[in-house]
Amino acid sequence: MAALAAVRRCRVLLHGAVKSSFRGSPSQPRSYSAGRLSVQERIERKRQAALVGGGQKRIDAQHGRGKLTARERVALLLDPDSFVEYDAFVEHRCSDFGMEADHNKFPGDSVVTGQGRINGRLVYVFSQDFTVFGGSLSGAHAQKICKIMDQAMLVGAPVIGLNDSGGARIQEGVESLAGYADIFLRNVMASGVVPQISLIMGPCAGGAVYSPALTDFTFMVKDTSYLFITGPDVVKSVTNEDVTQEELGGAKTHTAVSGVAHKAFENDIDALLNLREFFNFLPLSNKDPSPVTECHDPSDRLVPGLDTLVPLESTKAYDMLDVIHSIVDERDFFEIMPNYAKNIVVGFARMNGRTVGIVGNQPKVASGCLDINSSVKGARFVRFCDAFNVPIITFVDVPGFLPGTAQEYGGIIRHGAKLLYAFAEATVPKITIITRKAYGGAYDVMSSKHLRGDVNYAWPSAEVAVMGAKGAVQIIFRGKNNQADAEAEYVEKFANPFPAAVRGFVDDIVVPSTTRRRICRDLEVLATKKQTNPWKKHANVPLAGKKGRGRR
Amino acid sequence: RSPSRSCHVVTTVFPSALFSFLSVQTFDKILIANRGEIACRVMKTCKKMGIKTVAVHSDVDANAVHVKMADEAVCVGPAPTSKSYLNMDAIMNAIRQTGAQAVHPGYGFLSENKEFAKRLAAEGVSFIGPDTHAIQAMGDKIESKLIAKAAKVNTIPGFDGVVKDADEAVRIANEIGYPVMIKASAGGGGKGMRIAWNDEETREGFRFSSQEAASSFGDDRLLIEKFIDNPRHIEIQVLADKHGNALWLNERECSIQRRNQKVVEEAPSTFLDPETRRAMGEQAVSLAKAVNYSSAGTVEFLVDSRKNFYFLEMNTRLQVEHPITECITGLDLVQQMIRIAKGFPLQHTQAEIPINGWAIESRVYAEDPYKSFGLPSIGRLSQYQEPLNLHNVRVDSGIEEGSDISIYYDPMISKLVTYGATRAEALKKMEDALDNYVIRGVTHNIPLLREIIVHPRFISGDISTKFLPEVYPEGFKGHQLTATGRKELLATAASLFVAAQLRAQKFLGDLRLQERRSWELCVELEKGVHMLGVSRSGATYTVEIDGDKLEVSSDWNLASPLLTVTLNGIHRTLQCLSRNAAGEISLQYLGTTFKLRVLSKLAAALSVHMPEKVPEDTSSILRSPMPGTVVAVSVKAGDTVAEGQEICVIEAMKMQNSMTAAKTAKVRSVHCKPGETVGEGDLLVELE
């Protein structure tokens with residue numbers, strides 16, 4: 001690395017800062033007896049021990065795996081000097097298997113917790129320390145995490161978990177399991193109250209995986225992080241499948257195949273810096289409005305390229321990302337699940353500085369149809385936005401739900417219903433733009449006027465109908481000869497925005513180049529929107545059933 | 001949006017012509033049998049003359065600028081040019097349907113097609129160009145050479161006949177003496193042209209040229225002539241009417257070429273003295289008169305270092321690079337062509353043709369200049385902004401933001417013309433114009449253009465058609481940073497990073513934060529790592545690099561594609577192409593894109609622990625360097641190929657490109673077959 005010389009200098013500085021906290025204490029920490037040292041000295045020693053976790057050897061091993069330590073990660077994630085640590089003195093309480101020995105006690109145990117700021121905004125963080133017992137979860141470890149989660153709920157600030165843990169602390173038995181359950185409960189209680197984000201930066205296996213799964217967003221680091229219920233060895237012994245860790249639960253598997261993770265990053269640094277950027281899109285809690293940042297992109301900017309973007313032939317594809325990038329502020333779009341169910345695009349952007357959630361059918365992939373995976377992906381995202389007051393902007397170009405046995409057997413009816421449910425239930429500002437096709441039930445689902453869409457627009461290229469011309473004509477004019485003429489008549493009637501516009505199902509037909517301006521204005525108007533759903537204990541979103549093998 | 005934005009003419013350059021636009025009645029309606037910038041260019045003048053315009057277009061061009069600009073538009077077929085813009089039946093129908101009285105063919109397509117001119121004449125429609133006889137005589141390189149000789153025009157020694165086969169080509173080549181030029185008899189624009197230095201190259205050149213000639217012109221006849229080594233390419237614009245009058249409108253210097261296609265042109269030439277200019281002009285006029293030429297035409301010459309000039313060919317159409325002649329003479333050539341076609345005599349005498357100032361034209365192409373000085377690229381112009389905010393800049397284009405550059409047509413984005421009282425002024429303006437030109441979504445050749453115009457050899461006028469291979473023998477590598485340039489770039493990137501960091505903390509209704517005033521950053525550029533100190537005072541950042549201090553100020557508008565900064569008092573326009581959370585910043589600086597990474601000191605220190613990711617080995621993988629069609633595949637799986645051996649041929653934009661093996665190896669698998677369309681980066685062949 002060419003950076004070496006410069007970097008060495010930095011390292012010295014970094015470690016220098018750490019060492020300065022010794023303040024004249026004896027040169028090497030050695031075994032000490034409580035009686036002979038003053039309390040002050042003991043505090044210093046413990047604190048110092050907490051800073052080095054499992055010791056230099058294990059830190060070097062962690063670095064050798066291409067991973068940063070728990071503290072380095074926290075330092076990168078948070079604003080400089082903003083981290084306030086909790087429970088640095090907590091130690092595990094296990095007294096079996098020799099765990100009670102001094103050399104098996106580490107101040108702070110295997111997790112670093114506290115709060116700090118990202119671009120000045122409060123966040124609670126826990127960062128599992130792989131150098132201490134492989135980051136395994138002890139009762140004390142769980143208790144530390146629960147403490148910051150409880151406080152985050154009290155003050156209304158997000159929780160970020162940096163996961164790097166071998167699993168349960170086996171020596172502690174049920175206490176460790178209880179710890180997991182305590183965390184799960186808090187994950188569930190905090191769900192919809194404060195945003196919860198998991199960044200998997202090492203192994204995360206067994207029961208531990210359910211905490212990330214319960215959080216709002218799960219990100220991973222490529223090549224160094226794994227998520228699975230059981231590892232390759234157990235898989236081999238139970239199902240006789242040969243599979244590597246990477247294939248079973250690596251970043252690629254979970255971002256492209258299983259849909260468990262929302263995005264993957266190149267390495268620890270890349271992931272943490274991106275997480276800072278992502279954090280800026282989020283409100284701090286369900287009591288906070290969608291955040292508004294300083295914006296240099298004029299809200300009334302015209303986008304001339306949109307007027308010619310939708311191809312003249314309705315069978316030809318275009319890239320919905322082109323629409324999204326050109327409309328949002330500064331082409332800045334943080335896409336969620338970019339490699340999974342690509343026939344729907346979801347992610348965060350800003351309009352005139354205000355965070356919005358974007359949902360768009362992607363005509364480039366599988367014609368932008370809705371299937372099991374895209375429905376679930378869309379539904380989960382819409383529900384997050386609704387829970388945290390983030391307005392939803394929906395771009396519709398959907399030919400319908402994907403037909404076929406694979407989809408029907410997989411339960412497309414149930415899964416499609418999730419997306420329908422999510423849009424219908426949402427009370428945040430909802431703006432919908434039909435760019436081209438809005439066919440069949442999928443038209444209803446995609447944030448239509450009928451599901452309380454606040455402002456619904458159609459571009460001149462919009463076609464709102466029960467189905468495409470060919471299929472429709474075969475049914476309406478069954479057995480008649482003049483199919484071509486009938487098709488032309490159907491196209492004339494339905495392949496345009498008028499049928500929807502005359503009924504008021506779209507509020508206006510807009511010139512595509514003016515879309516950004518319209519949305520920005522509407523969002524200003526809708527900023528004061530207030531809408532509540534009927535009182536209920538909780539709603540019954542159609543969750544049940546196994547997930548089918550759908551489109552990747 | 002007003003289409004005039006994209007076809008802006010520097011009106012101050014020819015005020016007299018403006019006055020005359022409405023003075024005579026020519027045609028009521030003209031059909032423009034072309035697309036892109038030249039169709040727009042012609043329509044622009046038609047509008048000034050009060051003539052209605054008809055556009056023709058292929059189906060993929062239905063939303064094109066030239067279609068929107070025209071009063072009427074007719075679709076003449078599907079995307080391939082042979083089925084649309086070259087489809088004479090459809091175009092004749094369009095003429096009948098719209099009642100157009102005349103046709104302007106632009107350049108390329110049907111502009112030098114005598115058959116088309118004949119069919120128009122048969123229906124009583126005026127062809128805005130020379131008559132059939134002149135097109136035929138000058139269109140055939142063999143015949144044109146004979147006529148030129150007879151008209152006492154200097155010609156190149158060569159074989160005045162059609163070459164039958166490769167063996168004959170070798171025999172003739174040996175008679176003339178190497179080097180020789182093999183070219184298509186029907187050719188133009190550098191297509192079907194090969195240079196050979198020995199017998200082997202002659203055979204190969206014969207094969208390629210006849211294939212290209214057949215596919216481009218439907219005529220595989222070839223001829224051979226002496227190749228003038230290291231010449232300049234200088235051409236004379238002529239204008240002749242139907243009454244036997246002819247003028248020469250001075251020269252255009254077109255020596256900067258790649259693969260025989262022009263890249264940068266200027267008028268006048270730094271090389272010609274008034275005597276040579278007059279001699280060339282007079283020979284050009286006598287050639288025009290010899291074929292009873294009428295309309296605008298161009299006589300191309302090769303000029304050697306001793307100012308000997310040889311007739312190369314005559315283009316019987318409006319040239320791509322005509323705007324620079326318009327700039328220095330004040331004439332509107334399209335207007336003149338329309339008047340002449342209607343039968344009006346010339347308005348000027350030779351003595352009235354001036355050289356006012358200097359004009360430079362850069363051809364902005366959608367192509368990758370790092371591959372053979374430019375291989376075509378395609379894509380959608382996601383952002384596009386012409387530098388029309390600057391004075392004395394003219395941009396002739398036929399595209400706009402959102403347009404597609406497709407594989408079907410020429411990948412030219414625009415012709416960027418700058419004008420100045422002196423050459424230095426025009427060149428400085430060109431620098432500014434290129435820096436302010438925003439093109440996103442396709443790879444473009446601005447890096448190369450920006451380097452050419454500041455190269456000492458170009459500035460001194462020491463150029464030839466071999467300029468590019470001589471100046472960049474290893475291929476074009478982009479701008480090479482000087483020590484000062486490096487510091488400017490580092491300081492700008494660091495300041496931009498800080499500006500973005502500061503803004504990321506500005507939330508509405510949140511004023512708790514104390515703004516930082518100083519930063520320690522680590523910036524990576526071209527594998528070098530630099531520690532920088534940045535301190536802020538208002539919108540001005542003071543950046544410390546290796547003991548030097550640079551003051552960087554700007555409005556720090558993070559939404560604008562242009563980044564205008566003042567660096568220690570010097571104004572520079574850079575472009576921020578991308579910027580991400582991981583600190584990666586792409587900046588276009590002096591035309592070339594540089595990738596930088598800005599990290600905090602802490603992140604930089606920790607990055608030593610990050611694993612290096614290994615990129616895939618490319619020597620055993622052959623990927624398509626551009627989008628195109630596979631014409632031939634010369635190997636199959638299991639074959640052993642030698643390094644440099646031809647593996648397959650890709651045709652793009654009518655150019656055949658031979659793809660060769662990067663090493664000697666066995667072919668593992670072949671992933672393409674003839675006739676297939678491939679995209680840039682598609683896997684063609686894998687070697688073991």
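In what follows, chains carry the letters A, B, and so on, assigned in the order in which the sequence lines appear, proteins first and then strands, with residues in each chain numbered from 1.
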Contact class of [X] relative to chain A, heavy atoms under 4.5 angstrom:
X      : value
B:Q383 : side chain
B:R597 : side chain
B:L599 : side chain

### Message
What residues of residues 270-278 of chain A make heavy-atom contacts with chain B at a cutoff under 4.5 angstrom?
### Response
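Within residues 270-278 of chain A, near chain B: A:D270, A:L273, A:N274, A:E277.
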For [X], which atoms come within 4.5 Å of any heavy atom of chain B: side chain, backbone, both, or neither?
X      : result
A:Q62  : neither
A:T308 : both
A:P311 : neither
A:L76  : both

### Query
Hey, which of A:V292, A:T293, A:D223 has the most heavy atom pairs under 4.5 Å with chain B?
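Of A:V292, A:T293, A:D223, A:V292 has the most heavy-atom pairs under 4.5 Å with chain B.
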#### Entry: chain B contacts, top residue of A:D268, A:T224, A:N280, A:I118 (heavy-atom pairs, under 4.5 Å)
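Of the options given, most contacts go to A:N280.
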Regarding [X] and [Y], does a basic nitrogen lie under 4.0 Å from an acidic carboxylate oxygen?
X      : Y      : answer
A:K263 : A:E335 : no
A:D129 : A:R71  : no
A:R331 : A:D297 : no
A:D329 : A:R516 : yes
A:E266 : A:K222 : yes
B:K595 : B:E524 : no
A:E330 : A:R350 : no
A:K364 : A:D319 : yes

### Message
As an exercise: rank B:A504, B:G402, B:S560 by heavy-atom pairs under 4.5 Å with chain A and give me the winner.
### Response
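Ranked by heavy-atom pairs under 4.5 Å with chain A, first place is B:A504.
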### Task
Please indicate whether A:R58 has more than 12 foreign heavy atoms, meaning atoms of other residues, nucleotides or ligands, lying under 6.0 Å from its CZ.
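Incorrect, the count does not exceed 12.
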### Which residues share a salt bridge (charged side-chain N to carboxylate O under 4.0 Å, His left out) with B:D404, sequence neighbours left out
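Salt bridge (charged side-chain N to carboxylate O under 4.0 Å, His left out) list for B:D404, sorted by chain: empty.
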### Query
Aromatic ring centroids of B:Y384 and B:Y437 under 6.0 Å?
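Ring centres of B:Y437 and B:Y384 closer than 6.0 Å.
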